[in-house]
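Each remark here refers to the structure printed beneath this line.
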2 protein chains.
Amino acid sequence: MGVLHRKESATTASRVFDAMRHDLVNGRFAAGEKVAINGLKEQYQVGLSPLREALNRLAAYGLLVQENQRGFRVPRLDRRELDDVAGMRRELEGMALERAILNGDAEWESELLAAAHRLKRADLSPTKVDEWEQLHTRFHSTLVAPCGSVWLLRFIDQLHDQFDRYRRMAPGVPEVRKVLDAQHGELVELALERDVKAARALLEDHIERSYEVALGSCK
Amino acid sequence: MGVLHRKESATTASRVFDAMRHDLVNGRFAAGEKVAINGLKEQYQVGLSPLREALNRLAAYGLLVQENQRGFRVPRLDRRELDDVAGMRRELEGMALERAILNGDAEWESELLAAAHRLKRADLSPTKVDEWEQLHTRFHSTLVAPCGSVWLLRFIDQLHDQFDRYRRMAPGVPEVRKVLDAQHGELVELALERDVKAARALLEDHIERSYEVALGSCK
DNA sequence: TGTTGTTAAAAAATCGATTATCTGTACTAG
DNA sequence: CTAGTACAGATAATCGATTTTTTAACAACA
């Protein structure tokens, strides 16, 4: 067991990046709001340098917009932007799913079943939303994981974060939620059957319905 | 003319970001090399804070890799990575071109012709390579500009930068270069004729041939 | 010989303070 | 009044120095 397990000691800047990414995606900041750097310093209990480094990363990632000499702001929720993000999700995740079904091995099948199961068992009570969200994200990421393209996965993650900003701000629609949850199970079935076409169609429909829910945030 | 023309005064961090992005794409840093922060301070004549902010942005953008507690390095040139980047370029630029041809208006046609012309006239002598590269980038970006998706354009830019790191390190292949140059003109023709399928096929072939040239950098 | 431990030097990350820029408000001239 | 200007307070960006962590060199030991 001589494997050198490098201590994954995060820097302050990395921790702030992760925390703020989470908070931004989950709507803890008002859309369009100007980011008060001094406020954040207290909120996250960090100094200025690592905080600014995190903000710079978030801006390059697309979760903040940076305006030279006048700081950072949270991007607005904009109908056109949501259309764009949802459309790109359809294209890219559809593409990735096709490839994943072609490449995925037995290990993938197991992980996919596991991820779907965990998601199904998780309850969606108000106090545990964050937990559910995490499992949901993990399910979708497992689904496309073996697509074989690091860049495709990277873009998909980025789009997911953008999309979730809208979805998490939108009011829930219980009856659609039920359909969406059922689709997760159906996606797994189709993936295991290696039915590329049907799986892709279903995933695109899944994204389309989520999009309609997310629309509630910027109407 | 009361239009307030906001001075686009860049911050030091932004200027360093732009300069380093250019230098990284054009191979001014050895692949795999560890970035010596103190060296860069002198090289770009800036202080530590703006420099680090620029490095953080570049890492989020994918032109540097960040390893916690041990700084930044220039990503290696890796055959698999190039395959991935080229493959994604084919997919995304193909998609974008189809949409651009459907959406592009007369103004686009003019700009496209202009961009192609400027590129054709530019000479590729060793001293003016940077200039040629800039026109080349601009041509490809004009080609897909009216695709209607901000995110798609963003991803394409990112992939272009990645791809060019490889291509600029590869030895030139004059006879392929001739074919590639000719294809630029043919792309314009097909785009103006609104021949979606043929244009897409040609663009994919164009990328494929460029890829074969770029391969010379990591064999 | 090879492994482990110690420590000095180097490099990265962070802090505290300073400088530059912007923003809003009050004031002035037309 | 209205447009423009000047100033003060607030905010952003940057600097210089400090702290923390890693790297490398070398010695002690099995």
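Just so we're clear, the structure is a prediction, and the values are computed from it rather than from any experiment. Chain letters run A, B, ... following the sequence lines, proteins first, then strands; residues in each count from 1.
- Taking a cutoff of 4.0 Å between a charged side-chain nitrogen and a carboxylate oxygen, B:D164 and B:R167 qualify as a salt bridge.
- Checked against salt bridge (Lys or Arg N to Asp or Glu O under 4.0 Å), A:D23 has the following partners two or more places apart in sequence or in another chain: A:R28.
- Between A:E67 atom CD and C:dT21 atom P the separation is 17 Å, expressed in whole Å.
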>> salt bridge (charged side-chain N to carboxylate O under 4.0 Å, His left out), that's the test. Do B:D18 and B:R57 meet it? Break it down for me.
In response: CA-CA 10 Å; B:D18 290 338; B:R57 288 191 222 177; over 6 Å; no
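- In the set C:dA13, C:dC22, D:dT14, D:dT14 carries the atom at the smallest distance from any side-chain atom of B:T12.
- Within residues 31-39 of chain A, no residue is approached by DNA chain C to less than 4.0 Å at the level of any non-hydrogen atom.
- Between B:D84 and B:R80 there is no salt bridge, since no side-chain nitrogen of the basic residue lies less than 4.0 Å from a carboxylate oxygen of the acidic one.
- One interatomic measurement links the two molecules: CZ of B:F17 to C1' of D:dA13, which rounds to 18 Å at whole-angstrom precision.
- Heavy atoms only, all atoms of each residue included: B:G94 and B:E204 are closest at CA-OE2, 4.4 Å.
- If you take CD of A:E42 and C1' of D:dT11, they are 15 Å apart, rounded to a whole angstrom.
- Atom CZ of B:R73 and atom P of D:dT22 are 15 Å apart (whole Å).
- For A:R89, the salt bridge (Lys or Arg N to Asp or Glu O under 4.0 Å) criterion is met by A:E93, not counting sequence neighbours.
- When the side-chain nitrogen and oxygen atoms of B:R70 are compared with OP1 and OP2 of C:dA11, none of them lie within a distance under 4.0 Å.
- In terms of the salt bridge (Lys or Arg N to Asp or Glu O under 4.0 Å) criterion, residue partners of A:R73 (sequence neighbours excluded) are, by chain and number, A:E67.
- Contacts between residues 44-59 of chain B and DNA chain C, defined by a heavy-atom separation below 4.0 Å, involve B:L48, B:R52, listed by number.
- Atom CZ in B:R15 sits about 11 Å away from atom C1' in D:dT14, given to the nearest Å.
- Going from atom CD of B:Q69 over to atom P of C:dA13 covers 6 Å, rounded to whole Å.
- Residues passing the salt bridge (Lys or Arg N to Asp or Glu O under 4.0 Å) test with A:E111: none are found, sequence neighbours excluded.
- The minimum heavy-atom distance linking B:R165 with B:A31 is given by the pair NH2-CB, 3.9 Å.
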